[in-house]
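Sharing a structure below in structure tokens format, with a few things to ask.
This chain uses plain numbering: 1 for the first residue, then up along the sequence. Side chains included, hydrogens not; waters and symmetry mates left out as well; all remaining heavy atoms used. Please read all numbers here as calculations on a predicted model, not as lab measurements.
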Amino acid sequence: MNPQTHQAGFVNIIGKPNVGKSTLMNILVGTPVSIISPKSQTTRHRILGLSNTADYQIVFSDTPGMLKPQYELHKSMMSFVNLSLEDADIILFVTDLFETDADIEPIIARINKSGIPVLLVINKIDLAKEGQLDKVTEYWTSRIEASTVIPISALEKFNTERIMQEILDRLPVHPPFYDKEELTDRPERFFASEIIREKIFKNYKKEIPYSTEVVMEDFKEDTDIIRMRATIFVERNSQKGILIGEKGKMLKKVGIEARQDLEEFFGKKVHLETFVKVEPDWRKNKLKLRKFGYDPS
């Protein structure tokens, strides 16, 4: 590493829910660090993922989708977005062919006043009809003061390598912020909980995924196996019954799918136990949110 030329900086990914921010983050980092589901509001925390070479360190930051807060959990999620506007060296503003700036005009105004370089990334172009991309580009360039526009398909990994080059063209000269061997700032327990939560988003409909929180109560790693005990919290007894399912079938399905991904993620056998408890209205209670690792404003 040459301290005179080494580049490092924070590249923060922001945008509305379900535009593909987490998928893009995983591509840019080179390994899954953010959980993904077709449902909006899957990401609840700010998650850092590091891309390291001898010459640079890019600290990517995946953030919850920008929205109008309806309760305390949403406020906490938006606080992560606001923080990402304060420490960014580069902003990746991700949108797609279908979103507008409705409900996020104040944040766009802050971005435009920040002086931070913005890369406008338009995702899902694999779904574009004739002339649609030109119209979407015109729409967003009239609203975001971006230094460049990058049309991509994160699903097909099309044109994502251009994002990396555009970042490196703007990344400051700076020593690394984190150990070059690190992949993220989050502990292993966090990713174990997130993988379980991803399976809940996959297997349940309506309010169940949004009303659940996963807490890793126990995480013991031996040479050949990791033993985990997780509690899944819901807001009502009726949700507990749906989550467990008839004769425990649904919870067992979630556990099997989660264990398979956990073993792939950690590279060793996993013994996973899951339990379900009711924590009434936890999304609306600041004290309960802090208990679950959120920092409501």
Side-chain angles (χ1 to χ4, degrees), residues 11-44 47 49 51 58 60-68 74 77-78 81 84 90-105 107-108 111-112 117-167 194-195 197-207 209-210 257 261:
V11 178
N12 298 344
I13 306 171
I14 66 173
K16 295 180 81 171
N18 228 27
V19 294
K21 299 184 301 298
S22 296
T23 301
L24 179 59
M25 162 94 152
N26 291 342
I27 291 170
L28 295 173
V29 173
T31 193
V33 290
S34 286
I35 66 172
I36 298 169
S37 91
K39 297 180 176 69
S40 64
Q41 301 175 38
T42 305
T43 301
R44 291 178 180 169
I47 301 169
S51 177
I58 305 173
F60 288 105
S61 174
D62 187 17
T63 59
M66 297 182 289
L67 44 73
K68 268 189 176 178
H74 282 170
M77 290 161 62
M78 284 304 296
V81 176
S84 73
I90 299 167
I91 291 173
L92 288 191
F93 186 94
V94 182
T95 187
D96 61 22
L97 299 174
F98 314 104
E99 284 293 350
T100 69
D101 66 349
D103 298 333
I104 62 169
E105 297 94 338
I107 297 178
I108 289 177
I111 292 171
N112 289 338
V118 178
L119 306 181
L120 175 59
V121 178
I122 301 176
N123 192 19
K124 305 181 185 178
I125 64 168
D126 51 300
L127 303 177
K129 297 177 181 177
E130 187 175 354
Q132 187 178 8
L133 179 58
D134 290 338
K135 291 180 180 178
V136 170
T137 301
E138 182 181 358
Y139 175 89
W140 280 106
T141 52
S142 70
R143 286 157 174 80
I144 290 277
E145 295 180 11
S147 58
T148 191
V149 180
I150 310 173
I152 70 163
S153 169
L155 184 65
E156 298 183 356
K157 298 184 180 179
F158 172 76
N159 211 29
T160 52
E161 70 283 351
R162 186 185 156 198
I163 297 175
M164 290 294 288
Q165 187 55 57
E166 295 287 353
I167 289 169
E194 287 286 274
I195 287 170
R197 197 165 64 82
E198 181 182 55
K199 301 312 170 190
I200 294 170
F201 266 79
K202 174 187 173 184
N203 284 285
Y204 298 89
K205 299 178 180 179
K206 298 182 179 178
E207 85 279 3
Y210 304 103
E257 291 180 3
D261 279 13

Please test Tyr139 against Glu99 for side-chain contact (heavy atoms from CB on, under 4.5 Å), starting from the C-alpha separation and ending with a verdict. CA-CA 10 Å; Tyr139 175 89; Glu99 284 293 350; over 6 Å; no
To the nearest 0.5 Å, what is the distance between OG on Ser61 and CD1 on Ile90? 13.0 Å
Not counting sequence neighbours, list each pair that qualifies as a salt bridge (Lys or Arg N to Asp or Glu O under 4.0 Å) and has a residue in residues 141-151. Asp101-Arg143
With a 4.5 Å cut-off on side-chain heavy atoms, are Glu161 and Ile163 touching? no
Spacing of CD1 belonging to Ile152 relative to CD1 belonging to Ile27, to within rounding of 0.5 Å: 6.5 Å
Can you sort out the partners of Glu257 under salt bridge (charged side-chain N to carboxylate O under 4.0 Å, His left out), two or more places apart, ordered by chain and number? Lys202, Lys253
Partners of Glu166 by side-chain hydrogen bond (donor to acceptor under 3.5 Å, both in side chains), sequence neighbours excluded? Arg162, Arg170
From Lys157 atom NZ to Leu28 atom CG, the distance as rounded to the nearest 0.5 Å: 10.5 Å
Set out, in order, the CA-CA distance, both residues' side-chain angles and the distance that settles side-chain contact (heavy atoms from CB on, under 4.5 Å) for Ile144 and Ile108, then state yes or no. CA-CA 7 Å; Ile144 290 277; Ile108 289 177; 3.8 Å; yes
Taking it one step at a time, do Leu97 and Lys129 satisfy side-chain contact (heavy atoms from CB on, under 4.5 Å)? CA-CA 10 Å; Leu97 299 174; Lys129 297 177 181 177; over 6 Å; no
Any side-chain to backbone donor/acceptor pair from Lys16 onto Asp103? Under 3.5 Å, distance only. no
Answer yes when Arg197 and Glu194 have at least one side-chain N-carboxylate O distance shorter than 4.0 Å, and no when they do not. yes
Side-chain contact test, heavy atoms from C-beta onward, threshold under 4.5 Å: evaluate it for Val11 versus Leu92 and give yes or no. yes
For atom CD of Glu105, decide whether the heavy atoms of other residues, nucleotides or ligands shown that lie under 6.0 angstrom number more than 12. yes
Who passes side-chain hydrogen bond (donor to acceptor under 3.5 Å, both in side chains) against Thr160, sequence neighbours left out? none
Non-neighbouring partners of Asn112 that pass side-chain hydrogen bond (donor to acceptor under 3.5 Å, both in side chains), sequence neighbours left out: none
Do any N or O atoms from the side chain of Ser51 and from the backbone of Val29 form a donor-acceptor pair under 3.5 angstrom? no
Excluding sequence neighbours, so at least two apart, what forms salt bridge (charged side-chain N to carboxylate O under 4.0 Å, His left out) with Glu207? Arg236
Given side chains that start at C-beta, do those of Phe60 and Ile167 come closer than 4.5 Å, heavy atoms only? yes
How many angstroms lie between atom NZ of Lys21 and atom OG1 of Thr95, to the nearest 0.5 angstrom? 9.5 Å
To the nearest 0.5 Å, what is the distance between CG on Asp261 and CD on Glu198? 6.5 Å
Name each donor-acceptor pair under 3.5 Å that joins a side chain in residues 119-128 to protein atoms two or more places apart or in another chain, with its distance.
residue : atom : partner : partner atom : Å
Asn123  : OD1  : Ala154  : N            : 2.9
Asn123  : ND2  : Val19   : O            : 2.9
Lys124  : NZ   : Asn18   : O            : 2.8
Lys124  : NZ   : Asp96   : OD2          : 3.2
Asp126  : OD1  : Ser153  : OG           : 2.9

Taking only residues two or more places apart in sequence or in another chain, which ones pass side-chain hydrogen bond (donor to acceptor under 3.5 Å, both in side chains) with Gln165? Asp169
